[in-house]
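So the structure is just underneath, and the comments pick up after that.
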Amino acid sequence: MKKNITTVTGLIAISLLAGCSTGGQTNSAPASGDNNQSGQKEIEITYWRPQASGPEDEFYVRRVDEFNKAHQGQIKLTMEPITRGNSFAYEDKINAAVASHTLPDVVSMDGPNVANYAASNIVIPLDEYFTKEDMNDFVPSIVQQGTYQNKFYAAGLAESSVVLFYNKKIMKQYGIEPPTKMEDAWTWDQWYDVMKKTSKDDVFGTNMINDKGEWMTYAFEQMWISAGTDIVNKEGTEAQGWVNSDKGVEAAKFLQKMANDKLFNIDPKPTEFEEGKAATKLGGPWNIPGFKNYPDLEWGITYFPKSPGGNLTAPSGSWAIGVSADSKHPKEAAEVVKWMTNKDSSAQLAKAISMPASRKSAYDSLPEYNELPMRIIKEQVITVSHARPVTPAYPVLTQKFAEALTDIMMGAEVKKSLDNVASSFDDEFKRNFSK
Amino acid sequence: MQSVSSQQVQAQTGSKKSKLSSIGLQKRRESVTGISFVLPAVILLIIFLLLPFMLAVAFGFTKFNLLRPDQIKFIGFDNYVLLFQDKLFYKSLYNTLYFTIIVVPVQSAVALMLALLVNNRLKMRNVFRIAYFSPVITSMTVIAILWISLYNPNEGLINSALHALGIPKQPFLRSADQAMNSIIFMSVWQAAGYQMMIFLAGLQSIPKDLYEASAMDGANRLQQLKYITIPSLYNVIVFVLTITTIQAVKLFTQPYVMTNGGPENSTRTLALLIYQQGFQFRNAGYASAVSVIFFLLVVIISFSMKKFLKD
């Protein structure tokens with residue numbers, strides 16, 4: 001009996017130790033497959049992407065299946081969707097995997113993180129795997145977003161843009177004609193008047209909080225750009241005098257005024273606009289598929305509002321895909337990247353999530369972008385969009401900026417909050433990235 | 001385990017000398033069994049507690065970006081110098097201590113009152129016990145999300161109730177003045193049931209004859225509470241206060257889910273600061289330094305409480 005107990009406890013101890021020592025799933029790829037194209041053994045490639053829903057999920061599952069069929073006997077692709085959470089949960093997971101060397105071969109990453117991952121050697125350059133023709137086929141902002149210090153690290157799965165949706169019935173009720181030409185785009189003041197007019201009985205003038213994480217930077221940095229400044233300098237090394245510049249303070253004060261006047265709900269239901277409880281909505285093409293579930297909703301699209309006397313602009317950038325430095329099979333992993341961003345994938349994904357395509361050639365099969373309302377999205381993507389700052393200290397920038405904007409909308413002192421963003425970013429950059 | 005084996009040894013020493021060698025063998029066998037019982041726990045403790053802690057101490061002296069594990073640089077006490085100049089560190093420390101100082105006495109008092117209540121021979125006492133204990137077994141994340149909507153300034157249930165009573169709507173989590181107190185309120189509500197159970201166990205171990213005797217001497221309920229219940233519960237109270245303090249100092253989930261440390265850092269705690277610096281900003285070295293300070297804080301608090309309460 002005692003002997004049995006000893007054996008059992010011993011076994012438990014050993015299995016625990018063994019459990020601790022085997023790393024993540026990434027190590028499961030057979031080592032014998034190294035540089036071996038003879039096809040004796042399939043090379044396993046793992047791929048992480050953030051969890052999505054509906055047609056987007058179906059797209060990924062379908063394309064991965066098709067990839068596996070096309071590469072049968074050579075490459076086997078296993079995809080793992082990871083929870084995105086309300087804000088930064090996916091990034092946290094990547095960070096933890098880097099520290100423990102358990103990254104998959106292929107990773108999806110949000111556009112502004114490409115620079116950070118490239119600077120930290122988490123992803124490898126892909127220049128040798130993409131032809132010149134390929135590179136020319138990507139829309140310019142995709143190449144810009146994926147390039148860090150003249151090397152191409154990640155290919156965009158799709159592009160994005162933020163527009164102002166409006167409820168046609170409510171606009172009609174108040175006799176408002178939203179602009180359909182770029183030169184007529186609403187200024188903040190005009191938008192403010194529209195919100196003020198429509199903000200009555202349970203209806204908010206706008207709905208503009210998608211989440212209090214990355215969305216805040218993605219959407220509202222454009223107000224700084226529109227006003228003629230930005231939240232960091234062009235080199236991405238300094239925030240002092242940019243995020244907290246006079247023009248920046250003006251932009252933030254406008255946001256605070258909207259909040260004080262209760263023109264939007266700071267903790268909205270995600271479907272506020274769809275249910276007719278908001279007259280307008282700052283949102284993206286990804287919202288469009290969901291509109292179908294609300295047959296009573298008649299919606300239109302107009303431009304992202306601009307600063308009075310300032311420039312028209314709109315956010316851009318989206319999820320991109322690259323090869324991790326941990327990958328033992330970079331060549332096969334690059335095959336996956338190419339597959340997931342080729343013309344077919346680009347067109348199919350654009351259709352599935354109604355996002356603007358990342359490849360020019362994909363637009364051939366997307367005629368809806370030639371007329372209203374989608375025309376406005378294409379116009380913004382091609383002519384006025386700005387990507388988020390390319391800086392390796394982006395995680396601190398976006399966190400602190402999002403926190404500051406949330407505070408400002410809840411009534412915090414504007415200048416003080418923005419000063420805090422500037423000093424946090426500058427300290428971080430000096431400490432960790434300046435040479 | 002030891003006492004059992006020594007008894008056996010004592011019992012057997014009276015017998016013949018020839019048995020001595022087999023006794024030695026048995027003793028050794030028993031200690032092997034003992035060690036093998038303890039071994040898994042010890043290994044787990046080393047892997048998941050001792051080793052990480054030692055690593056944290058070591059990393060506290062380095063500049064270590066989480067995304068560049070191969071570029072660790074020794075920088076001496078720089079992280080600590082930085083830390084003691086960091087306003088956010090002091091703010092987090094203050095928030096952590098504020099939460100602890102309010103939550104520990106309030107929650108323990110509420111728990112004791114609940115325990116006294118459900119210890120009575122009420123008809124519905126099992127219903128009460130379940131009602132008070134059920135928040136404890138629900139995940140904190142779920143509860144936090146639930147309370148976000150309860151606290152919602154526009155359509156939240158609490159504000160609707162206040163409104164019905166003629167009290168103006170409150171911003172709760174949206175105001176830097178109210179956010180921490182709102183978190184304290186819900187935390188007490190959530191966790192008091194746990195301490196209630198411990199108090200209840202304590203209450204039921206107090207001999208009934210003490211109460212009977214005191215009743216014969218003419219003691220009223222309040223005197224019974226003061227002279228019998230509280231002194232009898234002393235060890236339980238010490239235990240409850242200590243674990244509540246340690247749990248309170250570790251406050252993380254509620255502010256992480258409900259406010260992300262805001263508004264204006266009014267709910268940023270040390271645990272949240274460590275998480276944000278370490279995982280979101282990837283400054284693992286700095287986060288380790290904060291963890292070491294955090295560890296020292298917990299040790300100091302626990303020891304001083306032990307000393308204070310024993311005296």
B:Thr259 backbone acceptor or donor facing A:Lys212 side chain under 3.5 Å = no
Based on non-hydrogen pairs under 4.5 Å, which of B:Gln71, B:Arg282, B:Gln276 is most in contact with chain A?
-> B:Arg282
Proximity breakdown for A:Lys400 and chain B, heavy-atom pairs closer than 4.5 Å = side chain
To the nearest 0.5 Å, tell me how far A:Glu91 CD sits from B:Phe279 CZ.
-> 14.5 Å
Top contributor to chain A interface from B:Val257, B:Ile35, B:Leu82 [non-hydrogen pairs under 4.5 Å] = B:Leu82
Supply the atom-to-atom distance A:Met409 CE to B:Arg174 CZ, rounded to the nearest 0.5 angstrom.
-> 11.5 Å
Side-chain heavy atoms of B:Leu66 within contact of A:Val98, under 4.5 Å = no
Answer yes or no: are there more than 12 heavy-atom neighbours, outside B:Phe77 itself, under 6.0 Å from its atom CZ?
-> no
Working to the nearest 0.5 Å, report the span between NZ of A:Lys269 and OG of B:Ser149.
-> 12.0 Å
Atom pair NZ (B:Lys87) and OG (A:Ser424), whose distance is rounded to the nearest 0.5 Å | 10.0 Å
Any side-chain heavy-atom pair from B:Arg68 and A:Asn121 closer than 4.5 angstrom?
-> no
So do B:Ile148 and A:Asp267 actually touch side chain to side chain, heavy atoms under 4.5 Å?
-> no
Trace of the side-chain contact (heavy atoms from CB on, under 4.5 Å) decision for B:Phe281 with A:Asn95 = CA-CA 10 Å; B:Phe281 299 168; A:Asn95 295 343; over 6 Å; no
Side chains of A:Asn432 and B:Asn283: is there a donor and an acceptor less than 3.5 Å apart?
-> yes
Should we say atom NZ of B:Lys91 is surrounded by more than 12 heavy atoms from elsewhere, each under 6.0 Å from it?
-> yes
Exceeds 12 heavy-atom contacts within 6.0 angstrom, atom OH of B:Tyr94 | no
Within a reach of under 6.0 Å around CG of A:Asn260, are more than 12 heavy atoms found that belong to other residues, nucleotides or ligands?
-> yes
What is the minimum heavy-atom distance between B:Asn65 and A:Phe433, and which atoms define it?
-> ND2-CZ, 4.1 Å
Is the NZ atom of B:Lys73 crowded by more than 12 outside heavy atoms at less than 6.0 Å?
-> no
Honestly, the part of B:Asp78 sitting under 4.5 Å from a heavy atom of chain A is neither
Of the listed residues (A:Asp427, A:Ile266, A:Asn420), which shares the most heavy-atom pairs with chain B below a 4.5 Å separation?
-> A:Ile266
For the atom pair NZ (A:Lys416) and CD (B:Glu264), what is the distance rounded to the nearest 0.5 Å?
-> 6.0 Å
